[in-house]
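In each ligand, atom 1 is the first atom listed, and ligand 1 is the first ligand listed. Just so it is clear, the structure is predicted and the values come from calculations on it, not from any experiment.
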Amino acid sequence: MKFMHISDVHLGVMPDAGKEWSKRRKQDIWDSFAEVILEAGRQSVDFLLISGDLFHKQPLKRELREVNYLFGQIPQVKVVLMAGNHDYLQPKSYYLDFPWEENVYFFKGEEISAFDFPEKNVTIYGLSYWHQQICERLYDEFDVSDEKRINILLAHGGTEKQIPFFPKQILEKGIDYIAAGHIHKAARMLGTSAVMAGSLEPTDCNDTGPHGYWIGEIRKEGREVFGGLDFYPVKKCEYKHEIFSLETDTTQYELEQMVKKRIEDGEAYMLYRIFLEGYVNPDANIDFSRLDQMKQVVDVTVNLQPDYDYEKMLKEHPDSLLGRYIARMEKQPQDVVTMKALEFGVNALLGHNICR
Ligand SMILES: [Mn+2]
C-alpha cells in the first residue's frame, strides 16, 4: 500500500504579522494544501494521513467545506485525519457532525480507536484531542488486534504536555508506521518506521529548514514488513537563521551589503531571521531598522556589545557623572552583572542606544 503523510498545515495561520508578505503566506499555506491533495491523487496513493492541527484554531463551517471539497477531488484516496491540540474538539466543534465525503475518516474520540481497511490489509489507529493539553501517555494504552495487518498509528504530540510517547515502545506493539505530527521544525525520522512530518509549510520564523510531505510504501508478508519512504519539500517558503559577526569598524553600508549578499546567495523563497553579534563602535550610530526593512528579512536580533575604552573615558571625564559612574563600578565585584551594569549605564549617560 502507498500513502502520503502530512501534518500541522495550520490553515488560517498568518505568519510574520506586520510584514508585507504576511497575507500572501496565509494564502500560500491554503494553496500548498490544495496542491498536495491533488498530488496525492496523481501519485495514486491509497491513503492520505493527516496527523493533526490541520487548522490553526477551531475550523469554521465554510473552512471545513473547502477542505471537504478538496478531499472529494481524490475519491480513490482514503483520507484519515484527527484533531490536534490547536483544532482540538469541543462539544460544539463543527468537526463533530460534519458530513464528510465518503473517502474521509475522522477520529472523533479521545481514546484510541481504529479504522480497518481489509481490502488493503491496513488498520489505522488514532484519536483526536479534546483538550489543548494532554499529559497522559494515551498512545501507550492500546494493542494492535491483528499483527498480520499493516498497522499504522496516526499520532500527534510527543512532548511533555502533548501526549508524550516513545516511538520504540509503540513500534514494539506491532505498529508498522507511526505517522506523527506536532513538531513543526523540519521533518525528521524518529526511527526507521516513524516520522515526525513537520508542518507542511513553516508557520513561524523559527520553523527553520525544509518543509513538505512524505510518500511511503509498505508491504507486509506474514509479519515481515518491507517499504520505503521519501520526503518532498514544498518550496514556497523556508526560514533561515543567519548570524553576522560585526567588528568595531563595521559600517552601515558594509553591514547592509553583507546581509544583501547572504540573501542573494540563497533562494528567492527563503526568508531570513538575522542575528548580529560581536562589537560595535557606539559612535558609528548604525541604524539597524534599515535591515528590518530589507526584502526577505523577517526579524533582526541585535546582540552587540559596545566597544568602550573605559579607562580612557575615566581619564577624560574624572569629575563628571560619567567618570564617577565608571570609577564606582570598578569597585564592584568584576562579574557579568557589573560588566552589564557598566555597559548599560554608560550607554544611558552617553545617549547611545545599541540594543533596540
Ligand atoms: Mn500541535
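- Checking each of Trp214, Tyr213, Tyr177 against Phe3 for a ring-ring contact (aromatic ring centres under 6.0 Å, His included) leaves exactly one that passes, namely Tyr177.
- Of all N, O or S atoms in Asp53, the one lying closest to the Mn ion (ligand 1) is OD2.
- Lys57 has no carboxylate O lying under 4.0 Å from a charged side-chain N of Asp87, or vice versa, which leaves the two without a salt bridge.
- In summary, an N, O or S atom of His156 is located under 2.8 Å from the Mn ion (ligand 1).
- More than 12 heavy atoms of other residues, nucleotides or ligands shown are found within 6.0 angstrom of NZ on Lys340.
- Within the 3.5 Å criterion, the main-chain N or O of Ser51 finds a donor-acceptor partner in the side chain of His156.
- At least one N/O/S atom of Asn85, from backbone or side chain, sits under 2.8 Å from the Mn ion (ligand 1).
- Distances from the Mn ion (ligand 1) show that His182 has an N/O/S atom below 2.8 Å.
- The Mn ion (ligand 1) lies at 2.8 Å or more from every N, O or S atom belonging to Asp8.
- Just one of Tyr125, Phe71, Phe115 meets the ring-ring contact (aromatic ring centres under 6.0 Å, His included) condition when paired with Tyr105; it is Phe115.
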